[in-house]
Protein chains: 2
Amino acid sequence: MSLRHALLGLLADRPASGYDLLKLFDTSLAHVWPATQSQLYGELNRLAEAGLVDVSAEGPRRRKEYTVTEEGLKELRAWLVAPTQQQPQRSELLLKVFFFDLATDEQARAVLAEREQRATAYHERLMELRTALEDEEGPFTSNGLIALEYGLRRAEMEWEWARWAAEQLG
Amino acid sequence: MSLRHALLGLLADRPASGYDLLKLFDTSLAHVWPATQSQLYGELNRLAEAGLVDVSAEGPRRRKEYTVTEEGLKELRAWLVAPTQQQPQRSELLLKVFFFDLATDEQARAVLAEREQRATAYHERLMELRTALEDEEGPFTSNGLIALEYGLRRAEMEWEWARWAAEQLG
DNA sequence: CTTCGACATGTCAGTGATGGAATATCCACC
DNA sequence: GGTGGATATTCCATCACTGACATGTCGAAG
């Protein structure tokens, strides 16, 4: 349900087309709220129907540029201050942990090692992203860095936990 | 897709009915892979159709008791050692952080404070669950504690981050 | 002048989760 | 003997996400 607010948020900075927004998603919001092209175009049309955005310009190649309406901004601000519902956390990894008794110790260790690796790799990617972000000056940079820090801390937590868990198995 | 494996995993410990499994989900797996009643019964029927479980007994009130088949166990073990796909992380909280410029500092702080509170409350709940688990001896206790530790660490990470983030706003 | 890559939008089938309603049985208690 | 609560299963409408397919335009490079 928040894809809608992600779009409104990006459009609040500046008008953009679906294509623009798709790229913005891939860069800025990729780690926070990934979305596919089909979702995005569909939601844009629904947003326009609901009067939260307007088509402010049409360009070549059927390009439609969207702008948030007053109503859209209102909706966005209301969402920002509404209580954040935390979505139920499903974790395939932890599910496997639950059933570790069905595997050998070696197999269990492999599962944990895989996660540790992934977490460190992800951490590195985020560190690169951070240095990249620090150079350029975008509208979402400083807030983006706060969100990014969450990812970094989470990755650290994950590999520390994975190591600890592997010890527990012994 | 892993609901299937969650069910197989629980049934691998002992045969059970849908109703039993629902209760097991609510207690043991609630924090790891929540599932609703409609999902669960549906998946059980599909599992039986696929030959991964058998109806091993029928009791009063149309109760059907399911048991994993050899094939089901095979599937479960294959899943355990297969690479764990990490599902894309959508976070409504981080999305809000991205758009903090649209809110007042006060509002942003409130969002962060709410999360900090939730994280500490969740941490407390998990601590209680841990002491409860440590007393009783279940089949999944020791692995459950490893999974639970993940939740604890994550909650700690979250409130530390929320505090840090609030400082950044100043 | 053609072709290739980037730009740009739309649609659809399949899958899985949500939430609620409908149905029925058994048991304990009054 | 009737009622309420726990046991137990099934179905359905709705919604969101995925991944793929379909369609078409423009600009630059050769």
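Given the structure is predicted, the values throughout are model-derived calculations rather than measurements. Values below: all heavy atoms of this structure, side chains included; hydrogens, waters and symmetry mates excluded. Within every chain, numbering begins at 1; the chains are lettered A, B, ... in the order of the sequence lines, protein sequences first and strands thereafter.
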Within [range] or reaching into it, pairs that qualify as ring-ring contact (aromatic ring centres under 6.0 Å, His included) - sequence neighbours excluded:
range: residues 106-131 of chain A; answer: A/His31-A/Tyr122
range: residues 100-119 of chain A; answer: none
range: residues 36-62 of chain A; answer: none
range: residues 53-73 of chain B; answer: none

Taking atom [atom2] of [N] as reference, at what distance in whole Å does atom [atom1] of [X] sit?
X: A/Arg62; N: D/dT25; atom1: CZ; atom2: P; result: 9 Å
X: B/Arg61; N: D/dA8; atom1: CZ; atom2: P; result: 5 Å
X: A/Trp33; N: D/dA16; atom1: CH2; atom2: P; result: 11 Å

For A/Trp79, all residues meeting ring-ring contact (aromatic ring centres under 6.0 Å, His included), sequence neighbours excluded =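 By the ring-ring contact (aromatic ring centres under 6.0 Å, His included) rule, A/Trp79 matches A/His5.
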ask   = Partners of B/Phe99 by ring-ring contact (aromatic ring centres under 6.0 Å, His included), sequence neighbours excluded?
value =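 Partners of B/Phe99 by the ring-ring contact (aromatic ring centres under 6.0 Å, His included) criterion, ordered by chain and then number, come out as A/Phe140.
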task = Tell me, please, which residues at least two apart from A/Arg63 pass side chain to side chain donor-acceptor pair (under 3.5 Å).
result = A/Ser17, A/Asp20
B/Arg109: side chain to side chain donor-acceptor pair (under 3.5 Å) partners, not counting sequence neighbours =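 B/Asp105.
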Near-strand residues of residues 39-57 of chain B, defined as heavy-atom separation under 4.0 angstrom from DNA chain C =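 Close to the strand are B/Gln39.
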key: Residues from residues 1-29 of chain A lying under 4.0 Å of DNA chain C - heavy atoms   = A/Ser17, A/Gly18, A/Tyr19
message = Quick one: does any side-chain atom of A/Glu149 pair with a main-chain N or O of B/Trp164 as donor and acceptor, under 3.5 Å?
response =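 No: the side chain of A/Glu149 does not pair with the backbone of B/Trp164.
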Nucleotide interval of DNA chain C bounded by contacts with chain B (heavy-atom cut-off, under 4.0 Å) = C/dG16 to C/dC26
query = Pairs in or reaching into residues 111-124 of chain A: which pass salt bridge (charged side-chain N to carboxylate O under 4.0 Å, His left out), with residues at least two apart or in two chains?
reply = A/Glu114-A/Arg118, A/Arg115-A/Glu158, A/Glu116-A/Arg163
ask   = Can you find a side chain N or O atom of B/Lys64 that sits less than 4.0 Å from OP1 or OP2 on D/dT10?
value = yes
